[in-house]
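Down below is the structure, laid out as structure tokens.
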Amino acid sequence: MKTLVIGANGNLGREIVRQLAQKQAVVAGVRNESKFIEETNVENVIFDYDKPETFDKALENVTSVFLQAPSLDADSFKRLSPFINTLKDKGIKRVVFNSALGVDHNEEAPLRKIERKLMSDDFYYTFTRPNFFIENFTSGFAAAPLQQGHVIVANAGEGKLSFISIKDIAAVVVESFMNDSHIKKAYNLTGKEALSHFEIAKLFTQATGTEINYISLSDEDMKQGAMDSGVPESSADYLVMLYSLAKAGLLEATTNDVVEVTGNEPKTFADVI
């Protein structure tokens, strides 16, 4: 058994490679050689959704695929569809797709359209639908303002989110590949606590000994700030929309899916930071 992990050098992808390589052979799909991963049981390969010429090499002797879209990509359905068609043509049916919490409530969401395609094309799919990552604040898009300016910025108001660690998401992904009972299942993945950004700022203040403040932005200021930092406008709009859901209280609920799949409680913010 050999699994292609797409986006292998990202926050989540790298953790999945690390955990999955302890169980089986892994092909790490990255966009350039400078991002190759040096791990036992890991083969590196160049992969790019926008370069179909990379598909065949990446899929050599592969029996399953971890599929994820580029972060905040409003065109992800259009972008991923040619690769999904290639999987179908090659008879590679086992796919774990990392989607997002709540997409099953919006049939027009790009990630939901990908889910629907995998379902209609009769793949042996598992969908992981995580909430926002805890690690966004330690090594993701929220890390720079926190580390450099000692601030957390978002248009989430006082809304709470049930943040989840990438380690727990990866554990669910690995278990899904190891056990066929997870085929054609969808898991809504959250931590066991819901926190506002004000509460997160307090946790970081306690952990670092440095005063960390949360600045609640308007949607317009959030979009402009994201674009000023190099985020494309369509992605900035996507980010603003997601935080708006949090502000409305729609990302606060917690689930037991991590425990049910892995047998372990999900990590808390305090565990990670």
Side-chain angles (χ1 to χ4, degrees), residues 2-17 20 26-37 39 42-100 103 106-121 123 125-130 133 136 139-141 166 169-170 173 223 226-242:
K2 183 182 285 189
T3 299
L4 170 65
V5 175
I6 295 172
N9 60 332
N11 260 358
L12 177 59
R14 185 175 287 272
E15 181 63 24
I16 290 170
V17 169
L20 189 58
V26 172
V27 179
V30 299
R31 295 180 67 179
N32 61 72
E33 291 185 6
S34 67
K35 302 294 185 180
F36 278 178
I37 297 171
E39 292 268 1
V42 176
E43 169 191 350
N44 288 276
V45 69
I46 300 297
F47 178 86
D48 191 327
Y49 287 122
D50 299 327
K51 297 179 179 179
E53 63 270 21
T54 66
F55 294 176
D56 286 347
K57 176 65 177 175
L59 292 170
E60 282 183 6
N61 302 315
V62 161
T63 55
S64 54
V65 174
F66 172 71
L67 186 69
Q68 62 176 331
S71 179
L72 302 175
D73 186 356
D75 294 322
S76 57
F77 176 70
K78 180 179 179 181
R79 204 169 184 185
L80 270 64
S81 288
F83 180 65
I84 294 172
N85 292 337
T86 298
L87 293 179
K88 184 177 180 180
D89 292 342
K90 289 180 175 293
I92 301 172
K93 302 192 71 172
R94 185 70 182 106
V95 173
V96 175
F97 172 53
N98 193 60
S99 186
V103 299
N106 180 4
E107 293 298 325
E108 294 305 310
L111 298 182
R112 180 56 172 172
K113 290 181 179 180
I114 296 171
E115 289 186 358
R116 284 295 187 189
K117 181 172 179 60
L118 292 167
M119 294 164 72
S120 64
D121 287 352
F123 281 88
Y125 64 82
T126 305
F127 300 147
T128 52
R129 298 177 182 146
F133 303 169
N136 288 344
S139 55
F141 65 85
I166 58 173
I169 303 167
V173 169
K223 176 179 177 178
M227 292 173 63
D228 288 346
S229 66
V231 176
E233 183 173 8
S234 62
S235 296
D237 284 333
Y238 204 156
L239 183 63
V240 168
M241 180 273 294
L242 290 174

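Since this is a predicted model, take the numbers as computed values, not measurements.
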Looking only at non-hydrogen atoms, find the nearest pair between S235 and L72 and report the distance.
OG-O, 2.9 Å
Which one of E115, R112, Q68 satisfies the side-chain hydrogen bond (donor to acceptor under 3.5 Å, both in side chains) criterion with S99?
E115
On a heavy-atom basis, which atom in P110 and which in Y238 lie closest, and how many Å separate them?
CD-OH, 4.3 Å
Verdict with supporting geometry, V27 and F66, side chain to side chain contact (heavy atoms under 4.5 Å, CB included)
CA-CA 10 Å; V27 179; F66 172 71; over 6 Å; no
Working to the nearest 0.5 Å, report the span between OG1 of T63 and CZ of R94.
10.0 Å
If you draw a 6.0 Å radius around NZ in K113, do more than 12 non-hydrogen atoms from other residues or ligands fall strictly inside?
yes
May I have the step-by-step check of side chain to side chain contact (heavy atoms under 4.5 Å, CB included) for L59 and L87, ending in yes or no?
CA-CA 8 Å; L59 292 170; L87 293 179; 3.7 Å; yes
May I ask you to test the L4-V45 pair for a side-chain heavy-atom distance under 4.5 Å?
yes
Looking only at heavy atoms, the pair that brings L118 and F127 closest together is CD1-CE2, 3.8 Å
What is the distance from atom CD1 of I46 to atom CG of N32, rounded to the nearest 0.5 Å?
6.0 Å
Looking at every heavy atom in both D48 and F55, which two are closest together, and how far apart are they?
O-CE2, 3.4 Å
Evaluate the ring planes of F83 and F47, with Trp represented by its six-membered ring, and classify them as parallel (under 30°), tilted (30 to 60°) or perpendicular (over 60°).
perpendicular
Considering the options N106, V103, L80, which one meets the side chain to side chain contact (heavy atoms under 4.5 Å, CB included) requirement together with L111?
V103
Electrostatic pair K223-E233, nearest N-O below 4.0 angstrom:
yes
Take E33 and N44 through the test side chain to side chain contact (heavy atoms under 4.5 Å, CB included) and record every step on the way to the result.
CA-CA 8 Å; E33 291 185 6; N44 288 276; over 6 Å; no
Is the number of heavy atoms from other residues, nucleotides or ligands under 6.0 Å of R31 CZ greater than 12?
no
Closest heavy-atom pair and its distance - P130, I169:
CB-CD1, 3.5 Å
Please walk me through it: do L239 and V231 pass side chain to side chain contact (heavy atoms under 4.5 Å, CB included)?
CA-CA 10 Å; L239 183 63; V231 176; 5.9 Å; no
Out of curiosity, E60 CD to D56 CG, how far, rounded to the nearest 0.5 Å?
8.0 Å
S139 and N11: side chain donor to acceptor below 3.5 Å
yes
Enter the distance from I6:CD1 to Y49:OH here, rounded to the nearest 0.5 Å.
3.5 Å
K117/D121 salt bridge by N-O under 4.0 Å criterion:
yes
Atom OG1 in T126, atom CZ in F97: separation rounded to 0.5 Å?
12.5 Å
So, taking the atom named CD1 in I114 and the one named CG in L67, what distance separates them when rounded to the nearest 0.5 Å?
6.5 Å
Nearest atoms (heavy-atom pairs only) where I92 meets F123:
O-CE2, 3.2 Å
